[in-house]
Amino acid sequence: MQVVRRCNFAAVAQEQGCSPAYVSKRIRLLEEQLGARLLHRTTRRVALTEEGERAYQWAQRILDAVEHMSDDVSSLQQEPRGELRIVSSFGLGRRHVAPALSALSARYPQLDIHFEVFDRAVDLIAEGYDLDIRVGDSIEPHLIAKRLAANSRILCAAPAYLAEHGQPRSLHELAQHDCLVIKEREHPLGLWRLQGPEGVEQIKVTGSLSANHGEIAHQWGIDGRGILLRSYWDLYDSLEQGRLVQILPAYSQPADIWAVYAAPLARSAKVRVTVEHLRDYFAERLRLVEPDARDG
């Protein structure tokens with residue numbers, strides 16, 4: 001598992017206090033036992049083969065099972081303490097993660113919480129974060145994720161905009177409208193991929209206004225400046241108050257809220273408690289879409 005995360009024998013050997021040759025030998029013995037090549041090796045990096053990807057997924061399931069067993073049979077009631085570094089996006093972080101962490105700090109005063117917000121992809125391990133609270137279902141294979149809440153991005157516009165420009169009747173008509181483009185984390189600028197009656201469809205949209213902050217685009221949508229694709233958790237109040245109206249309701253973009261971390265929760269009381277707290281906090285306070293079949 002560590003070799004996959006670090007992509008380097010020497011780095012793993014240094015962490016484990018052994019030689020790179022020893023790490024390489026252990027991998028080779030595992031490959032011989034499984035009868036399959038698990039890693040592509042170069043002088044600088046290693047990468048998973050198709051068989052290695054499958055073995056990694058099985059190993060992750062085994063670790064998860066061990067974690068659940070540990071939760072079941074041991075007392076994980078130790079008081080969480082120490083430094084906890086958490087990162088999230090601007091909108092979700094300010095509106096929901098920050099107040100949730102305030103409540104967590106009041107409950108566990110021994111925690112020293114450092115919270116940062118970015119609207120860019122974060123390398124959890126290289127940048128030294130314990131936890132990334134993110135929107136969207138794209139999770140790197142070497143990381144672990146627990147879903148905190150179900151969510152979707154939907155299309156909407158202000159009544160004033162629709163009165164002036166008309167309501168689009170199909171996805172392709174969005175190309176003729178002013179759309180409010182948001183550049184956030186991993187999303188390509190102006191390329192909207194949505195799940196619809198015919199499966200996943202994509203449309204290239206443009207408009208006279210774009211921003212790298214979703215709350216700015218949200219306000220522009222209320223001002224009648226264009227069509228917005230935004231998470232339901234952010235739009236709920238505006239929809240309820242009639243400041244925005246959902247359009248093309250058959251189309252949406254899966255955008256669940258996840259806690260992403262590098263090591264099993266059983267290894268860290270502070271991360272485990274934080275994830276559980278965020279899940280319960282969001283369930284009580286966050287206005288979201290009803291869970292769908294993705295909940296299993």
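No experiment lies behind these values; they were computed from the predicted model shown. Worth knowing before you read on, the calculation uses all heavy atoms, side chains too, and leaves out hydrogens, waters and symmetry mates.
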Pairing residues for [X] by the side-chain hydrogen bond (donor to acceptor under 3.5 Å, both in side chains) criterion, not counting sequence neighbours:
X	answer
Glu140	Arg134
Arg279	none
Arg54	none
Arg85	Glu116

Spacing of Ile216 atom CD1 and His218 atom NE2 [to the nearest 0.5 Å]: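 Answer rounded to 0.5 Å: 12.5 Å.
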Mutual orientation of the aromatic rings belonging to Tyr236 and Tyr232 [parallel < 30°, tilted 30-60°, perpendicular > 60°]: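 Rings of Tyr236 and Tyr232: perpendicular, as their planes differ by over 60°.
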Steps toward salt bridge (charged side-chain N to carboxylate O under 4.0 Å, His left out) verdict (Asp178, Arg225): CA-CA 7 Å; Asp178 279 324; Arg225 300 297 298 160; over 6 Å; no
[X] side chain near [Y] side chain, heavy-atom distance below 4.5 Å:
X	Y	value
Glu215	Arg94	yes
Leu229	Leu194	yes
Ile257	Ile133	yes

Polar side chain donor-acceptor pair, Gln219 to Asp223, under 3.5 angstrom: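 Gln219 vs Asp223: donor-acceptor pair found between side chains.
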Exercise answer: donor-acceptor pairs, residues 199-210 side-chain atoms, under 3.5 Å, sequence neighbours excluded:
| from | atom 1 | to | atom 2 | distance (Å) |
| --- | --- | --- | --- | --- |
| Glu201 | OE2 | Tyr251 | OH | 3.3 |
| Gln202 | OE1 | Arg193 | NE | 3.0 |
| Lys204 | NZ | Leu189 | O | 2.9 |

Partner residues of His165 under the ring-ring contact (aromatic ring centres under 6.0 Å, His included) criterion, sequence neighbours left out: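 In terms of ring-ring contact (aromatic ring centres under 6.0 Å, His included), with neighbours along the sequence ignored, His165 is linked to Tyr161.
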